[in-house]
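A short write-up of the structure that comes next.
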Amino acid sequence: MHAPPSGRARLRFGRYDYAAFLFFAAYAASSLAIPVVLVDMAEDLRFPLLEGGMAAGGAFQVVRSLAMCASMVFAGFAAARWGNRRTLGAAVATMGLGILLCALAPSYLLVLPVLLVAGLGEGIVEGLGTPFVQDMHRDDPGRYVNFTHGFWSLGTFAFALLAGAALVWNVGWRAILAVVGLVALLPVLLLLLPSRTPYPERARADPPSRTWRRLVELLRTRRFWLFFAAMFFAGGGEYCLTFWSTSFVRLHFRAGAFAGALGTAAFSAGMFLGRTGFGNYVAQRHLKRLVVTVGLLGAAVATLVIPFSIHCDALPPGAVKPLLFLLLFLCGVGSAPFWPSIQSLCVDRLPRLDSTLAFIVLSCAGVPGCGVFTWLMGFAGDRFGLARSFALVPVSYLIMVALVLAAAPDKEAGSRPRR
């Protein structure tokens, strides 16, 4: 196999790469299922979003985030005991079960506890998904991690279109959630069925005491906390757009279910093309430059959404939605690399730390960022309108850029060997 003209090795994938593609896509569909059907669910379960219910909708992500953080703490010990592959297989199955239970919930108050089940599985997927890929490709992990995370965006894109079409065809929101839960079984089979090529586990049956020592070393590293804070704001800005895009298009622009889904699909398409493109063409040593440059771009584009939305009546009616979808697409490109790149950059710049634990603890920052900012955007939307609440996105991205600049000084540019 010949290397491409640029000199970078061609990306090569195996069975467990395809399993990762599928469980990232299933995780995306699971995470996006509630936001896409939120308007219909709110009407059915009687918490109308336009009557002060946006904060209630945002509370779904807060509950899920709490469960995810709890399970991510457990993920490091589970991976040390049973390995990444088996732990992920069980987690994806739990995630699917939780979404199936959401489809059966008869009231708003009962959706909250069953979301905990989905969140427990999603937390382990979030915590171990990146190291699962990183450990298969230790020579140039940043490219593979960014490329694989692109399937999160592909999952959101495909699910948004299919779910939007299903809502237009009068398929109930409960049936949509049930299908999402069943689809999660596909990566479970690839992860758990016997394979002729074993997954390269880093460690087996590590005693808890060793894991605790590595965790303490991680938490005592001051620069790690800068990456931790950067992940909080990166996750918050990205998930504000992921969670609220559908409701924003439907409520602010008075559009139908399919147009709302197209808004999320446009954002997801930008995320997918950004992550796979950056993963294929941006080498590990350029990750910091990538995060900073795209962070500034994302902040600028997200800022444009506010005046566009407020003054859209001045535009020709036929141009409003195409321009809106273009802005959401550019927001996707401007949000694409942050989550995987900050994680990979942290492990690269702090090679003495345990990489699996670092990925898990960093996700313990990103996931609460998703929950907190999603709720804040709903809270602000109740008071000032969803259009003005988009100001949270550029603010979070600018803070993230400042933190990455502080955490990864230029004098250390370039990858360093791992243990």
Side-chain angles (χ1 to χ4, degrees), residues 19-38 58-76 78-79 84-103 105 111-133 148-149 151-156 159 176-188 191 231-232 234-236 238-239 242-243 268 271 339-340 343 356 359-375:
F21 299 162
L22 284 174
F23 71 63
F24 268 108
Y27 172 29
S30 173
S31 182
L32 195 66
I34 298 296
V36 167
V37 303
L38 185 60
F60 283 143
Q61 187 59 32
V62 174
V63 169
R64 173 180 271 164
S65 297
L66 291 173
M68 291 177 69
C69 289
S71 62
M72 279 190 286
V73 172
F74 168 75
N84 288 344
R85 180 183 61 84
R86 286 187 289 177
T87 305
L88 272 168
V92 176
T94 303
M95 175 182 73
L97 173 64
I99 295 299
L100 281 172
L101 292 174
C102 287
V111 172
L112 294 174
V114 297
L115 265 179
L116 290 172
V117 177
L120 291 173
E122 289 173 340
I124 295 177
V125 174
E126 178 59 52
L128 295 183
T130 300
F132 180 83
V133 176
T148 304
H149 271 259
F151 282 82
W152 157 277
S153 308
L154 180 62
T156 59
F159 174 75
I176 293 171
L177 295 188
V179 170
V180 172
L182 293 173
V183 166
L185 294 176
L186 296 175
V188 173
L191 287 166
M231 281 292 295
F232 179 85
E238 175 189 325
Y239 209 74
T242 303
F243 190 95
S268 303
M271 288 274 286
W339 194 290
Q343 289 184 316
T356 298
F359 284 126
I360 292 170
V361 177
L362 287 171
S363 292
C364 286
V367 168
C370 293
V372 169
F373 274 80
T374 298
W375 177 81

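- Across Ala178 and Ala103, no two heavy atoms sit closer than the pair N-CB, 3.9 Å.
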Task: Verdict with supporting geometry, Leu177 and Ile34, side-chain contact (heavy atoms from CB on, under 4.5 Å) - done: CA-CA 8 Å; Leu177 295 188; Ile34 298 296; 4.2 Å; yes

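- To the nearest 0.5 angstrom, Leu185 atom CG is 10.0 Å from Leu97 atom CG.
- Note that CG of Leu101 is 10.0 Å distant from CG of Leu115, once rounded to the nearest 0.5 Å.
- Of all the heavy atoms in Gly119 and Ser71, the pair that sits closest is O-OG, 3.7 Å.
- Atom-to-atom distance recorded for Glu126:CD and Cys370:SG is 7.5 Å, nearest 0.5 angstrom.
- Between Leu191 and Phe132 there is a side-chain heavy-atom pair separated by less than 4.5 Å.
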TODO: Take Leu38 and Phe243 through the side-chain contact (heavy atoms from CB on, under 4.5 Å) test and state the conclusion after the steps.
DONE: CA-CA 9 Å; Leu38 185 60; Phe243 190 95; 3.8 Å; yes

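- Ring pair Trp152/Tyr239 is tilted by interplanar angle, where 30° to 60° counts as tilted.
- Contact of the Ile124 side chain with the Met72 side chain is not registered, since no non-hydrogen atoms from C-beta on lie closer than 4.5 Å.
- Once rounded to the nearest 0.5 Å, the distance linking CG of Leu32 with OG1 of Thr156 reads 6.0 Å.
- Ser65 places a side-chain N or O within 3.5 Å of a backbone atom of Val367 that can act as its donor or acceptor partner.
- Thr94 contributes atom OG1, which lies 10.5 Å from atom CD of Glu122 (distance to the nearest 0.5 angstrom).
- No donor-acceptor pair under 3.5 Å is formed between the side chain of Arg64 and the backbone N or O of Leu112.
- Across all their heavy atoms, Ser30 and Met95 have their closest contact at OG-CG, 3.5 Å.
- Between Leu22 and Phe151, every side-chain heavy-atom pair lies at or beyond the 4.5 Å cut-off.
- What you find for Pro187 and Val92 is that their closest heavy atoms are CG-CG1, 3.9 Å.
- For the side chain to side chain contact (heavy atoms under 4.5 Å, CB included) criterion with Phe159, the lone passing option out of Val179, Ile176, Val183 is Ile176.
- With Thr374 contributing its side chain and Gly371 its backbone, the two residues share no donor-acceptor pair below 3.5 Å.
- Closest approach of Asn84 and Ala79 over heavy atoms only: OD1-CB, 3.3 Å.
- Side chains of Val372 and Phe232 form a contact here, defined as non-hydrogen atoms less than 4.5 Å apart.
- Residue Leu128 comes nearest to Ile360 through the heavy atom pair CD2-CD1, 3.7 Å, listed as atom of the first residue, atom of the second, then distance.
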- [ ] Take Leu362 and Trp339 through the side-chain contact (heavy atoms from CB on, under 4.5 Å) test and state the conclusion after the steps.
- [x] CA-CA 9 Å; Leu362 287 171; Trp339 194 290; over 6 Å; no

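- At a threshold of 4.5 Å between non-hydrogen side-chain atoms, the residues Met271 and Glu238 count as touching.
- Looking at Ser363, its side chain does come within 3.5 Å of a backbone N or O of Phe359 through a donor-acceptor pair.
- Between Met231 atom CE and Gln343 atom CD the span is 4.0 Å, to the nearest 0.5 Å.
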